[in-house]
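Here the structure is laid out as structure tokens; the discussion comes afterwards.
Computed over heavy atoms, backbone and side chain alike; hydrogens, waters and symmetry mates excluded. Counting from 1, the numbers follow the sequence of the chain as shown.
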Amino acid sequence: MALTTGRSRPHCWNAWLAIVAVLVAGVARAAEEKPHPLEEEIQAFEAADVKSPPPPHPILFVGSSSIVMWDLPKSFPGLSVLNRGFGGSRIGDSVYFFDRIVLKYQPRTIVFYAGDNDLAEGYMTPEAVLADFQEFVSKVRAVLPKTPIVFIAIKPSIDRWQLIDSIRKTNGLIKKFIESVPLVTYIALEPVMLGTNGKPRKELFLDDGLHLSTQGYKVWTTLVAPHLK
């Protein structure tokens with residue numbers, strides 16, 4: 001009976017490693033090819049730009065659904081405004097799509113709102129949200145060094161009141177960062193969105209307790225408008 005020596009094992013082992021390498025490469029390639037969950041919304045912006053070219057150097061509003069639902073022409077009549085908010089987005093998503101939703105428009109001012117989706121997903125810390133915002137500002141400064149950024153603080157909402165401690169910590173970190181950066185403005189919301197009981201004012205929200213009502217947008221408009229002229 002022939003004896004099996006250990007000499008054949010390296011060949012088997014190498015073959016096994018080669019198979020694993022191919023499988024890992026395939027998984028990595030599939031991950032790269034998988035589109036971003038919000039890719040379709042960005043493509044919709046691009047299709048809209050072809051159908052109706054946006055104004056040159058607009059005041060660009062970017063961020064999550066609180067931006068999406070804002071009737072900008074009504075709120076800021078006479079100003080050249082462009083809405084490129086996309087629902088469910090996080091700050092990191094605006095970083096990811098920066099070239100396609102910010103840079104291409106060469107905006108003269110950027111109004112930015114996002115952050116509560118980041119915290120609501122449960123795995124991002126205030127420090128991580130700050131880091132994403134810092135990256136967004138860094139991208140702006142690299143290519144649009146003279147463009148002002150208006151950051152609207154993460155809002156205190158009825159639906160996400162359980163996150164208020166994280167929201168306050170995140171806002172505090174971002175506010176401190178903004179104080180050290182030229183041409184970036186921080187707009188606080190708690191002084192105007194909380195009632196005398198210290199809780200969110202119901203009249204500023206829709207029935208879902210998360211998105212703003214018409215009155216809520218009037219409050220935001222009053223806060224933002226002075227920074228757009």
Parallel, tilted or perpendicular: which describes the rings of His36 and Phe97, with under 30° parallel and over 60° perpendicular?
perpendicular
When you group the ILVMFWY residues by side-chain heavy-atom contacts below 4.5 Å and let the links chain together, are Leu210 and Met193 in the same group?
no
Please find the pair of heavy atoms, one from Ile167 and one from Lys155, that lie closest to each other, and give the distance.
CD1-O, 3.7 Å
Heavy-atom distance under 4.5 Å between the side chains of Pro200 and Leu194, does that happen here?
yes
With side chains defined as the heavy atoms from C-beta onward, is the minimum distance between Tyr217 and Asp71 less than 4.5 Å?
no
Is the closest side-chain heavy-atom distance between Arg84 and Ile110 below 4.5 Å?
no
Check whether the ring centres of Trp220 and Tyr113 lie less than 6.0 Å apart, and answer yes or no.
yes
Side chains of Ile164 and Lys199, heavy atoms from C-beta outward: is any pair under 4.5 Å?
no
Run the side chain to side chain contact (heavy atoms under 4.5 Å, CB included) check on Val62 and Ile67 step by step: do they pass?
CA-CA 7 Å; Val62 179; Ile67 295 293; 6.0 Å; no
Any chance the side chains of His211 and Ser65 put a donor and an acceptor closer than 3.5 Å?
yes
So how far is it from Lys176 NZ to Glu179 CD, rounded to the nearest 0.5 Å?
8.5 Å
Nearest heavy-atom approach of Leu204 to Val192 is CD1-O, 3.8 Å
For the residue pair Ser166 and Pro126, what are the closest heavy atoms and their distance?
O-CG, 3.9 Å
So, taking the atom named NZ in Lys218 and the one named CG in Leu212, what distance separates them when rounded to the nearest 0.5 Å?
13.0 Å
Please answer whether the main-chain N or O of Pro54 pairs with a side-chain N or O of Asp49 as donor and acceptor at a distance below 3.5 Å.
no
Heavy-atom closest pair (Ile91 atom, Ala114 atom, distance to 0.1 Å) is CG1-CB, 3.7 Å
For Glu203, is there any backbone N or O sitting under 3.5 Å from a side-chain donor or acceptor partner on Ser213?
yes
With heavy-atom distances below 4.5 Å as the criterion, would you say the side chains of Lys169 and Thr125 are in contact?
no
Looking only at heavy atoms, what is the nearest atom pair of Ser89 and Gly63, with distance?
OG-O, 3.1 Å
In terms of hydrophobic clusters joined by side-chain contacts under 4.5 Å, are Val140 and Leu228 together?
yes
How far apart are the C-alpha atoms of Phe133 and Thr170, what are their side-chain angles, what is the distance that settles it, and do they pass the side chain to side chain contact (heavy atoms under 4.5 Å, CB included) test?
CA-CA 10 Å; Phe133 180 66; Thr170 305; over 6 Å; no
Output yes when Glu190 and Arg168 qualify as a salt bridge under the 4.0 Å nitrogen-oxygen rule, no when they do not.
yes
Distance, nearest 0.5 Å, that separates CZ of Phe86 from CD1 of Ile101:
4.0 Å
Is the shortest heavy-atom distance from the side chain of Phe205 to the side chain of Asp159 under 4.5 Å?
no
Should Tyr186 and Leu130 be counted in the same cluster of Ile, Leu, Val, Met, Phe, Trp and Tyr side chains packed under 4.5 Å apart?
yes
Measure across Pro107 and Leu144 and return the closest heavy-atom pair with its distance rounded to 0.1 Å.
CD-CD1, 3.9 Å
Measure from the ring center of Phe177 to the ring center of Phe151 and say whether it is less than 6.0 Å.
no
When hydrophobic residues are tied together by side-chain contacts of less than 4.5 Å, even through go-betweens, does Leu183 share a cluster with Val137?
no
Pairwise distance CG(Leu103) to CZ(Phe98) - rounded to 0.5 angstrom:
5.5 Å
Are there over 12 heavy-atom neighbours, none belonging to Glu127, within less than 6.0 Å of that residue's CD?
yes
Under a 4.5 Å cut-off applied to non-hydrogen side-chain atoms, are Gln134 and Val181 in contact?
no
Are Val50 and Ile42 linked, directly or through other ILVMFWY residues, by side chains that come within less than 4.5 angstrom of each other?
no
Within this structure, what is the CG-CD distance for the pair Asp116 and Glu121, rounded to the nearest 0.5 Å?
10.5 Å
Using 0.5 Å steps for rounding, measure from the CG atom of Asp132 to the CG atom of Asp118.
6.5 Å
Quiz item: cation-pi between Arg100 and Phe45, 6.0 Å / 45°:
no
Could you tell me whether Asp207 atom CG has more than 12 heavy atoms of other residues or ligands within 6.0 Å of it?
no
Check whether any side-chain heavy atom of Val102 lies under 4.5 Å from a side-chain heavy atom of Phe112, and answer yes or no.
no
Please walk me through it: do Leu82 and Tyr105 pass side chain to side chain contact (heavy atoms under 4.5 Å, CB included)?
CA-CA 9 Å; Leu82 180 64; Tyr105 300 114; 3.6 Å; yes
Audit row: Asp99, Lys104, side chain to side chain contact (heavy atoms under 4.5 Å, CB included) steps and yes/no
CA-CA 6 Å; Asp99 290 352; Lys104 69 176 292 185; over 6 Å; no
Evaluate the salt bridge (charged side-chain N to carboxylate O under 4.0 Å, His left out) criterion for residues Lys139 and Glu135: first the C-alpha distance (whole Å), next the side-chain angles of each, then the deciding distance (0.1 Å), finally the verdict.
CA-CA 6 Å; Lys139 279 185 168 288; Glu135 186 174 358; 5.4 Å; no
